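First the structure, in the form of structure tokens, and then the observations on it.
Letters A, B, ... are given to chains in the order of the sequence lines, protein chains preceding strands, and every chain is numbered from 1. Values below: all heavy atoms of this structure, side chains included; hydrogens, waters and symmetry mates excluded. Just so we're clear, the structure is a prediction, and the values are computed from it rather than from any experiment.
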Number of protein chains: 2
Amino acid sequence: MLIGTLSERTGCHIETIRYYERIKLLPKPPRSGGGHRLYDREQVKRLVFIRRSRELGFSLDEIRTLLRLVDGKRYTCQEVKTITETHLDDVKRKIADLRRLQKTLATISGQCEGGLVPDCPIIDTLLSSR
Amino acid sequence: MLIGTLSERTGCHIETIRYYERIKLLPKPPRSGGGHRLYDREQVKRLVFIRRSRELGFSLDEIRTLLRLVDGKRYTCQEVKTITETHLDDVKRKIADLRRLQKTLATISGQCEGGLVPDCPIIDTLLSSR
DNA sequence: GATAAAACCTGTAGTAGCTACAGATGCAAG
DNA sequence: CTTGCATCTGTAGCTACTACAGGTTTTATC
């Protein structure tokens, strides 16, 4: 299987696949006589794992750790669960931060009538130190 | 006022101030005989504006636009309000995305008992293409 | 006036996670 | 044999900073 096929089957861009190889998330694949990368079904599985994890917001570093656990086959549920829950806490914190932002933005946006005058309560808010 | 003082008064790191100058968010300040940057109160105001906008999640590009409007003094409330509301929509979208993530993560984390067996429902989820 | 310490200077490289080239090959079909 | 697509390597770009290294200026103390 050539890189283009792997790309289609996983939904990862070709450049991304080569990038993952460079940073050692994917092993160096064997090559054809002309130097083209050759992949098998095992690599499809691995790349789908990576992609799925990215969709869930795991960092490449967290994914590297997960893959090491899976590769070593000596992982315990506890290790995996800990990584997941740490990440979940991150997500929760981000949501809380964004909610606060949303509130402030809605407030200052609501104060502005969108008229033609160059005296804008939004700008005023941004200019005042707090 | 030297860069260290500006830094203290605005809460921006010195490196960040120089960075903002490099990318033309801040104008090049006059220099002392020895080449040190000299700032006045006007620049404190401008930098506070930038900082406050960053805290609200505006990108440097959005801030550049806001500053251009303020600098030109020919902005209307409508222009400012549009930028703010576009940004607010962004924030709302991010919150929605993260909520979905949170749900999925909580679900898969809940399926896992955290035992010692190397058969983990989290890993299983990540390995399956959907 | 000498000296030491703090603050400042420039320029460059690193961070995350890709994406986008340029310019050179490999390979298959007509 | 040539056209055209896929692939190759290597490098630079993106956001918004941060962190040096190695040098100079300013300020404080003696």
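Taking atom CZ of residue B:Arg22 and atom P of nucleotide C:dT12, one finds them 10 Å apart after rounding to whole Å. Residue A:Tyr39 contributes atom OH, which lies 7 Å from atom P of D:dC8 at whole-angstrom precision. Protein atom NE2 of B:His36 is 9 Å distant from nucleotide atom P of C:dT10, rounded to whole Å. For the pair A:Glu15 CD and D:dT11 P, the computed distance is 17 Å after rounding to whole Å. Straight-line distance from the OH atom of B:Tyr19 to the C1' atom of C:dG14: 14 Å, rounded to whole Å. If you take CG of B:Leu56 and P of D:dA16, they are 14 Å apart, rounded to a whole angstrom. In this entry the distance linking CD1 of A:Ile14 with C1' of C:dG17 reads 18 Å, nearest Å. Put simply, CG on A:Leu2 is 9 Å from P on C:dA28, counting in whole angstrom units.
One finds no salt bridge joining A:Lys94 and B:Asp97 here, because no Lys/Arg side-chain nitrogen approaches an Asp/Glu carboxylate oxygen to under 4.0 Å. Remark: B:Glu55 engages B:Arg51 in a salt bridge, criterion side-chain N to carboxylate O under 4.0 Å. Look at A:Arg46 and A:Asp40 and you find no salt bridge, because none of the NZ, NE, NH1 or NH2 atoms lies under 4.0 Å from a carboxylate O. Residues A:Asp90 and A:Arg93 are paired through a salt bridge, judged by an N-O separation under 4.0 Å between the basic side chain and the carboxylate.
The side chain of A:Ser32 places an N or O atom within less than 4.0 Å of a non-bridging phosphate oxygen (OP1 or OP2) of C:dC27. Checking the phosphate oxygens (OP1, OP2) of C:dC9, a side-chain nitrogen or oxygen of B:Arg18 falls inside 4.0 Å. Residue B:Arg37 places at least one side-chain N or O under 4.0 Å from the OP1 or OP2 atom of C:dT10. Side-chain nitrogen and oxygen atoms of B:Tyr20 include none within less than 4.0 Å of the OP1 or OP2 phosphate oxygen of D:dA16.
Distances from the side chain of A:Ile3 to the nucleotides D:dA16, C:dC18, D:dT7 place D:dT7 closest.
Along DNA chain C, the nucleotide nearest to A:Thr16 and the one nearest to B:Arg31 differ in position, and the one closer to the 5' end is contacted by B:Arg31.
No side-chain heavy atom of B:Ile95 sits under 4.5 Å from any side-chain heavy atom of B:Lys92.
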